[in-house]
Amino acid sequence: MYQWRKFEFFEEKGAGRGGGGGAPAVPAEIAGRVTCCSGGRGRVAIGCDDGTVGLLDRGFRLSYGFQAYASSVLFLQQLKQRNVLVTVGDDDQASSQSSAVCLKVFDLDKVQEEGSSTTTPFCVQILRVFTNQFPEAKITSFLVLEEAPPILLIAIGLDNGCIYCIKGDIARERITRFALQVEPVSDGTSSPITGLGFRVEGQAHQLFAITPSSITLFSLHHQPPRRQTLDQIGCETNAVAMSDRMDLIVGRPEAVYFYEVDGRGPCWAFDGEKKFVGWFRGYLLCIIEDQRSRKNTLNVYDLKNRLIAHSMPVGDVSHLVTEWGYIILIMSDKRILCIGEKDMESKLDMLFKKNLYTVAINLVQSQQADPASTAEVLRKYGDHLYGKQEYDEAMSQYIHTIGHLEPSYVIQKFLDAKRIYNLTNYLEKLHDRGLASKDHTTLLLNCYTKLKDVEKLNHFIKDEDGVGEIKFDVETAIRVCRAAGYHEHAMFVAKKAGRHELYLKILLEDLARYDEALQYISGLEANQAGLTVKEYGKILVDHRPAETVKILLRLCTDGGDPTTRRGSNSMRLLMIPSPMDFVNIFVHSPQYLMEFLENYIKAVKDSPAQTEIHNTLLELYISKDLSFPSMSQENGFDDHNSKERKGKEITNGYKSGTREKAKLGKEENRTAKDIVDRQRKGLALLKSAWTPEMEQPLYSVDLALIICNANAFKDGLLFLYEKLKLYKEVISCYKQAHDHEGLIACCKKLGDLTQGGDPSLWGDLLKYFGEVGEDCSKEVKEVLTYIEKGDVLPPIVVLQTLSKNPCLTLSVVKDYIARKLEQESKLIEDDRKSIDKYQEETELMKREIEDLKTNAKVFQLSKCTACTFTLDLPAVHFMCMHSFHLRCLGDNEKECPECAPEYRSVMEAKQKLELNARDHDLFFRQLKGSKDGFSVVADYFSKGVVSKTTIPPENAP
């Protein structure tokens, strides 16, 4: 194996150990010859030929020793799962028939104190190895397998090719014994068992048995155990070991062989007699005797990397054991050689100094170092190759560091070297692993565009077949592709990522493909389409207004399908956009906003935003300064070229000026006609959105008043004032316009009390004519007719009001005054007649009262008024000249049955009047509602309601 490199990955750890300054050794307290040893659980157990067992600590000091056997300790093994020591040795022979060889199990956790200087662990069980069924023979090998505690499987190899097995709970002596026999050699003789090895795979237990001439595998999970001869060659004692993968290792002079359950495996041709073979942390340990010099050499082989990790000459080795992460060699002279592995950093530094980067990489990978350490080795290797200007090989190493090495470290190197192809490769791998940032995406796309490599750009953007997850930042990719002119690629990324707003941005701002943008929006879901139209609606309205309005109508009306509008309003609000969300996109095209809202209110009658929609429409209809795109373009064109045309206008003189005036006149006429048409629509909307059946209108009344007032829209103001019953405001509108006919017509309509009007409007109208300062005799006469008809004002007030207008003559009111005087005279005459009548009746009543007080009353009735029978005693006569039998009156003897109802009605009326006198609200309501308030007061006095005055006593509190 001269081809394998040699390294010093191990070093001797002997200095300063064992309590002294020299090399460590077996403690002097152990006097006997070391016959066996075993590592495990932080201590090394040593058995000697004098029957003692010593336990050494990490410093190779004796923890304690005890006398295990009377004669010699042959084999021992420390268990891994429990602190138990299993030994085989020679003890005192109890009788001539029984063997002195016995197996003992010591519990090292239980220590028995025997005097002041000796400590002995508790012996759990003692078993005789040989019995009548298992004849005695020389023991050549020993191995213990821990199954599920406390079950042990002990294999004892003999020199006759037989293996005694003991299985069970040794402490309780619940055991099973059985024997295994290897296949004898060709001459019929038996070979000794030189080595044993257990292999465990789940519930399957297998035992390797090695002799100098064969290797046999026993399958213990079969009953009886099945034997299989793997090879016809074997090895001597101590040249047997088990690897971490449970493979059998056999050392022979010509090579080292590995065996699996199905036969021989790899073979490593290491020359020399193998005194000892072991396995340590993935390394193969061999103590090889040189055939010429007869000197022993310890070689530590790294089979994965095909190198010798350590090689050193050693003396006569009696035992090889591993513990505490060290390789421990016990020499025949009781010296101890302790060898430990160097740390990974030291090994790597050694390799780096020799520029053996490949070996370093293989080393860290084989020893399963952490990814960061592996990446650091790869980085150094990459730096080494980069320094040699082997850029392709260096990049291949840097690619393996992705995820651990900062990408900017690599990118900066290859930007400086202008190796754009290598940089592109690195950035691609960075994106494949999902570790690229926005800047990395920008850089990679810039590399593609600089290389003009459309194929790679397609592969990166479209991911071969166009499917799969996007491995880069979408916005960055779109931005770079747009800047480089690859608009189709940018659109593909936006569409695949579902970034509809970016897709439309490219279509509209870069490619000006408005029809395609509208078609794309039509295919989106309602919510998403609404969002995109909000963002890019202004551009679409500027270039494709009619088509945009159609899309908006379809979005806001569920495509015109009435079946989709079923359900609650709350559900529709969640699914259907409101038209008011799109008002701002029509900022430069208000006429299309009108068209959109008009069509919407025709299609949807129960929109939640109907108030806002009607408010917006009213503002569009009534405003006078609404501009159209065609007008704006024409005006803009004129302004832009005005300076160029100025000279021509001067030269053309009168003709050019006339042409411009004619053009402006046409535009003014067209604008005026548009205003009239829109205001006509506005008035119609005012009326249709506030019909007589509606309590509240479908628009804001205050806003409508403000709009109409700001734009001097008289018809709208008149309608709103009339609906709000602000009749005086209606009259004010006509007054401001000096529309006399309109004033009179308005008063006829709104001043009729029978129709719920306000008759006082005629007084206001008369007052207006009295202050107008012009001849309006005709109108005044007509007004006086209605005032006289409704008796709205007294004649004196009429005269005082009209006297303020110097243009009016007495002839205007002559007929009115004559008629009123005649009416008043007639009323006075009627009142005089009534007074005379009441005075006569009063005088008559007074005489009757006086007669009743002073003269006797003669009752001459001969019949009862009630029953009309002849009046007899007892009888009752009343002052009203009615007479009754006493029996006809019943219980009521104090009032006349005939006159009592009339009297009671008079008294009730009087009481009611007295109560009404205390109800001041009723008095004032009658006073306010009457045409003639004086008559109401006079009526109260005539009924004696307010004539009684109560004077409180002087001493009243």
Side-chain angles (χ1 to χ4, degrees), residues 1-13 233 235-236 238-245 247-260 264-315 317 320 322 325-327 329 337-369 373-374 377-378 380-381 384-385 393 397:
M1 301 301 298
Y2 60 89
Q3 296 178 349
W4 285 25
R5 287 194 177 98
K6 290 184 179 182
F7 299 94
E8 294 300 323
F9 291 163
F10 288 77
E11 60 184 353
E12 186 176 351
K13 301 290 184 178
I233 61 172
C235 68
E236 299 299 327
N238 296 327
V240 177
M242 295 295 293
S243 71
D244 295 338
R245 297 178 56 192
D247 293 336
L248 176 67
I249 306 173
V250 175
R252 290 182 58 81
E254 72 277 5
V256 175
Y257 299 91
F258 282 72
Y259 289 88
E260 298 178 358
R264 184 188 296 179
C267 171
W268 305 92
F270 304 138
D271 291 335
E273 183 180 354
K274 313 304 185 294
K275 292 293 185 179
F276 287 90
V277 172
W279 189 263
F280 174 73
R281 292 183 175 179
Y283 293 103
L284 174 64
L285 308 179
C286 292
I287 297 179
I288 302 175
E289 182 183 40
D290 189 87
Q291 296 178 357
R292 296 179 182 178
S293 63
R294 295 298 175 181
K295 293 182 178 180
N296 296 332
T297 303
L298 171 63
N299 286 338
V300 181
Y301 297 100
D302 185 349
L303 302 180
K304 289 184 179 179
N305 299 313
R306 295 178 178 269
L307 57 86
I308 300 175
H310 186 68
S311 179
M312 65 178 294
V314 294
V317 180
L320 171 64
T322 59
Y326 297 128
I327 303 169
L329 303 179
L337 184 61
C338 184
I339 301 170
E341 186 178 8
K342 295 180 181 179
D343 59 86
M344 180 63 71
E345 185 177 355
S346 299
K347 291 188 288 186
L348 292 176
D349 288 341
M350 185 187 308
L351 295 173
F352 293 153
K353 290 177 181 178
K354 299 179 181 181
N355 291 330
L356 299 175
Y357 293 98
T358 305
V359 178
I361 294 171
N362 294 334
L363 182 63
V364 294
Q365 291 178 346
S366 64
Q367 295 195 0
Q368 297 179 350
S373 300
T374 305
V377 176
L378 293 168
K380 290 185 177 181
Y381 188 29
H384 173 71
L385 295 172
E393 292 77 5
Q397 302 305 319

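The first residue in the sequence is number 1, and the count goes up from there. Quick caveat, the model's predicted, so the values are computed rather than measured.
For the pair Leu385 and Gln397, the tightest heavy-atom approach, listed with the atom from each and the gap, is CD1-CG, 3.9 Å. Minimum heavy-atom separation, Gly278 to Ala241: CA-CB, 3.8 Å. The two residues Met344 and Val364 come nearest to each other via the heavy atoms SD-CG1, 3.8 Å. Between Ala360 and Phe352, the shortest heavy-atom distance links the atoms CB-CE2, 3.9 Å. What you find for Phe258 and Ile249 is that their closest heavy atoms are CE2-CG1, 3.5 Å. Taking all atoms of both residues into account, the shortest heavy-atom contact from Cys286 to Val256 is SG-CG2, 4.0 Å.
Using cut-offs of 30° and 60° for the angle between ring planes, the Trp4 and Trp268 rings count as perpendicular. Taking the six-membered ring for Trp and thresholds of 30 and 60 degrees, Tyr259 and Tyr257 have ring planes inclined between 30 and 60 degrees apart.
Arg294 is linked by a salt bridge (charged side-chain N to carboxylate O under 4.0 Å, His left out) to Glu289, counting only residues two or more places apart in sequence or in another chain. Remark: Ser243 pairs with no residue by the side-chain hydrogen bond (donor to acceptor under 3.5 Å, both in side chains) rule, at least two apart or across chains. Take Glu341 and apply the side-chain hydrogen bond (donor to acceptor under 3.5 Å, both in side chains) test, not counting sequence neighbours, and it matches Tyr283, Lys347, Gln367.
Here the side chains of Lys275 and Asn238 are not in contact, with every heavy-atom distance at 4.5 Å or above. Within the 4.5 Å cutoff, side-chain heavy atoms of Lys274 are placed close to those of Ile288. You'll find the side chain of Phe9 stays beyond 4.5 Å of the side chain of Lys342, heavy atoms only. Residues Val317 and Leu337 form no side-chain contact, since every pair of their non-hydrogen atoms from C-beta on lies 4.5 Å or further apart. The shortest distance between side-chain heavy atoms of Leu320 and Ile327 falls below 4.5 Å. Side chains of Lys6 and Asn299 form no contact here, defined as non-hydrogen atoms less than 4.5 Å apart. Considering only heavy atoms from C-beta on, Ile339 stays 4.5 Å or farther from Glu11 through its side chain.
Atom-to-atom distance recorded for Ile308:CD1 and Glu8:CD is 10.0 Å, nearest 0.5 angstrom. The line from NZ of Lys295 to CG of Asp290 is 9.0 Å long, rounded to the nearest 0.5 Å. The CZ atom of Phe10 sits 12.0 Å away from the OG atom of Ser311 when rounded to the nearest 0.5 Å. The CD atom of Glu254 sits 7.5 Å away from the SG atom of Cys267 when rounded to the nearest 0.5 Å. Taking OG1 from Thr358 and CG from Leu363, the interatomic distance works out to 12.0 Å, rounded to the nearest 0.5 Å. We find the CG-NZ distance between Asn355 and Lys380 to be 12.0 Å, quoted to the nearest 0.5 Å.
Shown are Asn305, Val377, Leu307, Leu356; of these, the side chain to side chain contact (heavy atoms under 4.5 Å, CB included) with Asn362 is made only by Asn305. Of the candidates Thr322, Asp247, Asp244, Asp244 is the only one forming a side chain to side chain donor-acceptor pair (under 3.5 Å) with Trp279.
Remark: side-chain polar atoms of Asn296 are paired, donor with acceptor, to backbone N or O of Gly315 under 3.5 angstrom.
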